[in-house]
Protein chains: 2
Amino acid sequence: MNDTVPPSAESLANDLEKAIHEHRIAPGAKLSEEELGDIYGVSRTTVRAALQALTHRRLIEHQRNRGAFVAQPSVREAREVFEARALLEPRTARSAAERMTPEDLGLLRAHIDAEHAALHDGDNGRALYLSGQFHIEIARISDQETILNFVEQLISRSSLIIALYWQRRAALCESNAHHALISAFQKKDGALAEELMKSHLLDLLTSLDLSNKTSKPSTLRAALSH
Amino acid sequence: MNDTVPPSAESLANDLEKAIHEHRIAPGAKLSEEELGDIYGVSRTTVRAALQALTHRRLIEHQRNRGAFVAQPSVREAREVFEARALLEPRTARSAAERMTPEDLGLLRAHIDAEHAALHDGDNGRALYLSGQFHIEIARISDQETILNFVEQLISRSSLIIALYWQRRAALCESNAHHALISAFQKKDGALAEELMKSHLLDLLTSLDLSNKTSKPSTLRAALSH
DNA sequence: GTCGGCAGGATTGTATACAATTTTGTGACC
DNA sequence: GGTCACAAAATTGTATACAATCCTGCCGAC
């Protein structure tokens, strides 16, 4: 689109995060500094800054003198992420319900519509991304910057977890849950929203295949069973 | 101590974080890249990497083309941080109590002792640091890496908040609370530990002066009332 | 035939150099 | 005397260059 001119460090980081979130880059993929520099037309310095940012968001893992790789959350890490979400998000849902304005509601509905559109276009990556944004939007509405930041990180990591451990590929249309949440928001029913979010997250977790067999294909070690 | 040889980016970040945590660098202080480079004997590149790390931990705020400054959490941010802690830490306390081993207990006791020693030496900064480490140690024992990372960040920020809004300077010996927690841990009483932690955090919050008068001295604008 | 060591290539970690932006100091004009 | 404008200084953002580390492939020894 606008490649002719200078993408700066921060925008590069956001671009990469989005690409990872939309599953355009697979977990475990190596992110070569020089390669990225060539692609985006910037120097390694800029690339390094972006990679460091993503490292701090736990989206990529940096091995000293080895390079940066898209993170491959372990089964254990997957459980931890969803446990953390279970601690934070029900609360954000409750607060959001209490503070919900008509504009906010419209925004959330627009998100769901966009998600459906993406699904219809077969763009599963984008649908997944938007589905995550829905949760982030709720946290934003709850008006707790600090918790919002945590939720943002957790949802990015959830995207990686889904890429690795998703089992029922068929329908990621958990849209039912999202629709139910919206109706709770409309009623400004905080307690209901909290409960719905809690069970929604539980649902997500149980839709993952966290049997230790597929545990952690550290690219090879466990992929080939030896 | 060992200044003669090469502090690398990561160790520099840890060093700075500790200095901030111990109130050796005040909130709002400017962190010049060249100055830090001279002090530590490294290049600006290394300094920048360290500063970026601390930025992501919300310990310093980076203003484009202006530089890095030690963060000055607003009253609102202060409340948010403690609200997030109230969501996470009672749970870590409960889990920690259930998993507590004799070695862990010894470690926690050692922390408290060190804290008392620091207080006795009049080294309030170090005492404050150790007091924070106590909470971090609990999160570590609870064995939830993801939540531990969040708690670490929240406690670092709490240190800044305390620097700005602490009112009853006299006794930061909330040692009572810590001792009570230890006895709950010894009994492996998770529910009690959870409750104690919750009230401890509430105690900490109410010991701050968050009246909007001292709101946010952005170094001058509000410090001099004009 | 396999294992250990050593050199070559590649990639990252750090330092230095240049470009861009902001701040500050000076001077003219109102 | 005060305010605006411009220029110099300082500081950060980015690019390039060099040093250190790691991986790969080859070769000799056992």
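Computed from heavy atoms alone, side chains included, the values below leave out hydrogens, waters and symmetry copies. Chain letters run A, B, ... following the sequence lines, proteins first and then strands; every chain starts at 1.
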Kindly state each residue pair satisfying salt bridge (charged side-chain N to carboxylate O under 4.0 Å, His left out) with at least one member in residues 129-148 of chain A, sequence neighbours excluded. Arg99(A)-Asp143(A), Glu137(A)-Arg140(A), Asp143(A)-Arg76(B)
Let's see if you get this right: which residues in residues 45-54 of chain A place a heavy atom under 4.0 Å from DNA chain C? Arg48(A)
Please name all residues satisfying side-chain hydrogen bond (donor to acceptor under 3.5 Å, both in side chains) with Asp15(B), sequence neighbours left out, ordered by chain then number. Tyr40(B)
Of all residues at least two apart in sequence or in a different chain, which pass the side-chain hydrogen bond (donor to acceptor under 3.5 Å, both in side chains) check with Gln63(A)? none
With sequence neighbours left out, which residue pairs that include part of residues 151-166 of chain A fulfil the salt bridge (charged side-chain N to carboxylate O under 4.0 Å, His left out) condition? Glu77(A)-Arg157(A)
Does a side-chain N or O of Arg66(A) approach OP1 or OP2 of dC23(D) to a distance below 4.0 Å, or not? yes
What pairs with Thr45(A) under side-chain contact (heavy atoms from CB on, under 4.5 Å), at least two apart in sequence or on another chain? Ser43(A)
Taking any heavy-atom pair under 4.0 Å as a contact, classify Arg44(A): base, sugar-phosphate, or nothing. base
The complete set of salt bridge (charged side-chain N to carboxylate O under 4.0 Å, His left out) pairs with one or both residues in residues 117-126 of chain A, sequence neighbours excluded, reads Glu22(A)-Arg126(A)
Could you tell me whether Glu33(B) and Arg48(B) have a side-chain N and a carboxylate O separated by less than 4.0 Å? yes
5'-most contact on DNA chain D (nearest-nucleotide basis), His62(B) vs Arg64(A), goes to His62(B)
Mapping Asn65(A) and Gly41(A) to their closest nucleotides on DNA chain D, which lands nearer the 5' end? Gly41(A)
Once salt bridge (Lys or Arg N to Asp or Glu O under 4.0 Å) is applied, do any residues pair with Arg91(B), and if so which ones, sequence neighbours excluded? none
Which two nucleotides bound the region of DNA chain C that has atoms under 4.0 Å from heavy atoms of chain B, read 5' to 3'? dT14(C) to dT23(C)
